[in-house]
Amino acid sequence: MSLKVYNTLTGKKEEFIPLNKDGKKVNMYVCGVTVYDDCHIGHARGALTFDIIRNYLKYKGYDVKYVRNITDIDDKIIERSNELNIPWYDLVGKYIVEYYKDMAALGIKKADMEPKATEHIKKDIVGLVSQLIDKGYAYEVDGDVYFEVRKFEGYGKLSGRRPDDMLSGARIAVDERKRDPLDFALWKSSKPGEPSWDSPWGKGRPGWHIECSAMSMSYLGESFDIHGGGKDLIFPHHENEIAQSEAATGKPFVKYWLHNGFVQVDKEKMSKSLGNFFTIKDILKKYPAEVVRFFLLSTHYRNPIDFSDARLEEARKNLEGFCILMNTLKRQLESVSITPLSEVEYTIKNLRGEKSDDESDWHTPDFSNEKNFLKQIEGCRKNFEVAMDDDFNTAEAIGYLNKLRTQINRFNVSKTNPLVDKNTLLKEAIDILKKLGKILGLFEEKKAVLPIPEEEINSLLDKRNKARENKDWVTADAVRKKLDTLGIILEDRAGGTIWRVKS
RNA sequence: GGCGGCAUAGCCAAGUGGCUAAGGCAGAGGUCUGCAAAACCUUUAUUCCCCGGUUCGAGUCCGGGUGCCGCCUCCA
């Protein structure tokens with residue numbers, strides 16, 4: 001099975017073949033956040049998308065090196081620190097902490113490296129800008145350095161624009177000092193009081209785009225496999241990165257460009273400027289992290305996804321089904337010893353035998369249910385991978401997790417052949433479900449927060465069970481009602497009453 | 001103005017030329033249950049925005065139209 005990814009550069013799904021000769025090393029760079037405010041759910045989507053892509057690449061056996069930057073100096077940061085009247089580095093420090101808190105709360109793992117722009121100014125950025133000037137791709141005016149877009153053949157190849165088409169509709173006020181309106185800043189001279197770093201062109205700070213070129217190449221080399229980010233970065237950010245990087249090295253910068261779609265509110269892009277954003281912190285006050293992940297993953301990463309409580313509620317309910325199943329089977333399996341799977345498979349194969357596979361032959365034991373179940377769970381696993389292989393189609397993959405869930409429940413309540421240990425097959429299925437869920441960061445074991453101590457729950461259960469023995473339904477129902485208001489749901493099963501925490 | 005994307009059931013959402021159009025949520029009926037919960041079973045799109053075309057065959061490809069959205073300024 002081969003992995004296919006949609007490459008913005010070619011506008012097509014392509015088979016994923018890493019640059020590295022041995023074919024197992026993958027280098028990936030993703031544009032992270034600018035730290036001047038709390039992250040919203042849109043930032044979470046980008047981070048989650050590439051976290052899952054990294055997970056799946058690893059699952060496929062790739063050795064992934066993942067770099068995700070933090071932009072810790074730019075105009076917005078300066079602007080905001082002036083508004084708040086605090087030093088820019090305090091603002092940045094605060095929001096880096098908040099960023100890490102939010103990501104951790106969502107269960108999004110860190111990248112292997114998380115470099116900051118300011119840590120690479122002397123080391124990489126100044127050098128790269130100098131190199132571009134030396135090669136004639138950039139020019140200095142009054143302490144600013146601009147990249148000369150017309151000098152770079154192929155400008156516009158990522159976003160599908162031609163430089164000549166872009167002039168007419170340009171909405172920006174043209175800076176007279178630039179040789180061409182499309183030229184963009186590699187280095188910006190600083191005004192008095194602004195944060196600044198020394199450079200051959202005087203005190204200043206890097207332009208936005210150059211940090212990503214400098215840092216990605218510093219960690220991953222001049223050419224690497226995957227570069228990701230939100231769709232809004234295609235132009236100008238990523239277009240400019242390509243121009244700078246390829247002009248400097250003369251080599252192809254990135255093989256696969258991956259871009260995630262936006263989170264929307266009422267069909268409009270969620271953004272700071274529209275003010276229609278929901279912060280990760282606010283959402284996590286209302287819904288568990290796993291619900292938020294499930295919601296985000298239930299739509300393909302390139303498509304827009306509309307954010308609403310109704311959608312989160314749907315995700316919550318679907319996910320609850322998985323949680324109940326996990327819980328049920330955990331209880332069911334922990335108290336019994338389980339026959340090894342190989343033994344069960346041996347039994348099925350040998351008692352029936354190859355020649356008596358005819359189900360109508362009643363002389364031999366009928367394992368059709370067991371065999372079918374094994375076939376079904378294997379089919380779900382396979383289809384999950386096929387879905388993920390198709391440009392990380394998590395929405396389709398979740399469909400197969402649901403199918404697997406139904407199969408497990410169905411098998412669990414079905415009549416099975418007493419010659420084999422049913423629990424062995426159930427455990428096998430649950431293990432697969434957990435393993436696949438792990439790729440998406442779902443179904444992780446987490447300690448449920450109990451509203452009241454467990455002993456108290458048990459004593460209430462005892463009270464209720466005694467009442468039930470005496471057919472005192474009024475008392476029994478009162479106990480259930482009480483636990484329900486505390487957030488504990490009771491289920492009277494054949495093997496006794498079990499309880500769970502409301503999600 | 002330039003470039004790009006999307007339109008599938010009540011809602012959400014897969015599906016990129018070919019068996020009966022995944023899956024979830026909601027709804028209806030049933031089994032189980034003291035009642036519930038959970039689970040299971042049955043059921044809910046002769047049809048994929050509209051009009052043409054290509055093809056033995058199209059939700060899927062091509063042309064045109066309508067509607068919505070994004071990028072071209074900071075943006076995940």
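In what follows, chains are A, B, ... by sequence order, proteins preceding strands, each numbered from 1.
Base pairing of B/A7 is made with B/U66, judged by Watson-Crick or G-U wobble geometry with both donor-acceptor distances under 3.5 Å. Across all strands shown, B/A58 remains unpaired; no Watson-Crick or G-U wobble contact has both distances below 3.5 Å. Within the shown strands, B/G2 is the pairing partner of B/C71 under the Watson-Crick or G-U definition, both distances less than 3.5 Å. If you check B/C35 for Watson-Crick or wobble pairing at under 3.5 angstrom, you find it has no partner at all. Across all strands shown, nothing is found opposite B/U47 as a Watson-Crick or G-U wobble partner with both distances under 3.5 Å. In this structure, B/C40 and B/G30 make a Watson-Crick or G-U wobble pair, each of the two defining distances being under 3.5 angstrom. Partner assigned to B/U16 is none, using Watson-Crick or G-U wobble distances below 3.5 angstrom.
Within 4.0 Å (heavy atoms only), A/T328 reaches no atom of the nucleic acid at all. At the heavy-atom level, A/V263 lies under 4.0 Å from base atoms of the strands shown. Contact annotation for A/G46: no contact, since no heavy-atom pair falls under 4.0 Å across all strands. Residue contacts shown for A/G32 are limited to sugar-phosphate atoms, with no base heavy atom under 4.0 Å away. Counting any heavy atom pair closer than 4.0 Å across all strands shown, A/I234 reaches no nucleic acid atom. Looking at heavy-atom distances under 4.0 Å, A/N303 makes contact with sugar-phosphate atoms alone, never a base. Residue A/H40 is in base contact, counting any heavy-atom pair closer than 4.0 Å across all strands shown. Looking at heavy-atom distances under 4.0 Å, A/R464 makes contact with a base. Within 4.0 Å of A/G42, counting heavy atoms only, lies at least one base atom of the nucleic acid.
Checked against the 6.0 Å centroid threshold, A/Y219 and A/Y29 do not count as a close aromatic pair. Under the 6.0 Å cut-off for aromatic ring centres, A/H227 and A/Y256 do not qualify, their centroids lying 6.0 Å or more apart. Proximity of the aromatic rings of A/F184 and A/F147 is defined here by a centroid distance below 6.0 angstrom, and this criterion is met. Checked against the 6.0 Å centroid threshold, A/H238 and A/H209 do not count as a close aromatic pair. Ring pair A/H40/A/F278: centre-to-centre distance not below 6.0 Å. Aromatic ring centres of A/F152 and A/Y155 lie farther apart than the 6.0 Å criterion allows.
Positionally, the nearest nucleotide of RNA chain B for A/K267 lies more toward the 5' end than for the other of A/G229 and A/K267. Comparing A/D266 and A/S271 by the nucleotide of RNA chain B that holds the closest heavy atom to each, the one mapping nearer the 5' end is A/D266.
Scanning all heavy atoms of the two residues, the minimum distance from A/L158 to A/E239 falls at N-OE1, 3.2 Å.
Between A/R302 atom CZ and B/A13 atom P there is a gap of 15 Å when expressed in whole angstrom units. Here the C1' atom of nucleotide B/G70 and the CG atom of A/L233 are 13 Å apart, to the nearest Å. Counting to the nearest Å, the P atom of B/A14 and the CG atom of A/N383 are 17 Å from each other. A straight line from CD of A/E239 to C1' of B/C3 spans 11 Å, rounded to a whole angstrom. One atom, NE2 of A/H237, and another, P of B/C71, lie 16 Å apart when rounded to the nearest Å. Spacing between atom NZ of A/K12 and atom C1' of B/G5 amounts to 18 Å, rounded to whole angstrom units. Between the C1' atom of B/G4 and the CG atom of A/L158 lies a distance of 12 Å, rounded to the nearest Å. As rounded to whole Å, 13 Å separates atom C1' of B/C71 from atom CD of A/Q264.
Residues from residues 472-480 of chain A that place a heavy atom under 4.0 Å from any atom of RNA chain B, listed by number: A/W473, A/D477, A/R480.
Taking 4.0 angstrom as the limit, A/N409 places a side-chain polar atom (N or O) nearer than this to OP1 or OP2 of B/C40. Distances shorter than 4.0 Å separate some side-chain N or O of A/R410 from OP1 or OP2 on B/C41. Phosphate contact (OP1/OP2 of B/C71, side-chain N/O of A/K269, threshold under 4.0 Å): present.
Distance noted for atom C1' between B/G27 and B/A45: 15 Å (whole Å). Remark: the separation of the P atoms in B/C48 and B/C61 is 15 Å, to the nearest Å. Taking the P atoms as reference points, B/C51 lies 26 Å from B/G4, given to the whole Å. Nucleotides B/G63 and B/C6, compared at atom P, are 14 Å apart to the nearest Å. Nucleotides B/G18 and B/G24 place their C1' atoms 27 Å apart, quoted to the nearest Å. Here the separation of B/A21 from B/G59, taken at their C1' atoms, is 8 Å to the nearest Å. Taking the C1' atom of each, B/A26 and B/G15 are spaced 23 Å apart, rounded to whole Å. Comparing the P positions of B/U8 and B/C69 gives a spacing of 15 Å, expressed to the nearest Å.
Here A/D390 pairs with A/K13 in a salt bridge; the nearest charged N to carboxylate O distance falls below 4.0 Å. A salt bridge is defined here as a Lys NZ or Arg NE, NH1 or NH2 lying under 4.0 Å from an Asp or Glu carboxylate O, and A/D306 with A/R311 fails to meet this definition.
Around NZ of A/K481, the count of heavy atoms belonging to other residues, nucleotides or ligands within 6.0 Å does not exceed 12.
When only modelled atom types and interatomic distance are considered, A/T406 and A/N409 share no side-chain donor-acceptor pair under 3.5 Å. No hydrogens or angles considered: nothing links the side chains of A/Y146 and A/D180 as a donor-acceptor pair under 3.5 Å.
The side chain of A/R311 approaches B/A13 more closely than any other nucleotide in the set B/A13, B/A37, B/U16. With B/C71, B/A38, B/U16 as the candidates, the nucleotide lying closest to the side chain of A/K13 is B/U16. Among B/C72, B/A76, B/A14, the nucleotide with an atom closest to any side-chain atom of A/F235 is B/C72. Closest to the side chain of A/E491, out of B/A38, B/C72, B/C74, is B/A38.
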Notebook entry, point to check: Could you run down nucleotides 23-33 of chain B 5' to 3' and tag each one B, S or - for protein heavy-atom contact under 4.0 Å?
Noted result: SBSS-------
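Using cut-offs of 30° and 60° for the angle between ring planes, the A/F253 and A/W257 rings count as tilted.
Counting only distance, with no hydrogens or angles, the side chain of A/S298 and the backbone of A/F295 share a donor-acceptor pair below 3.5 Å.
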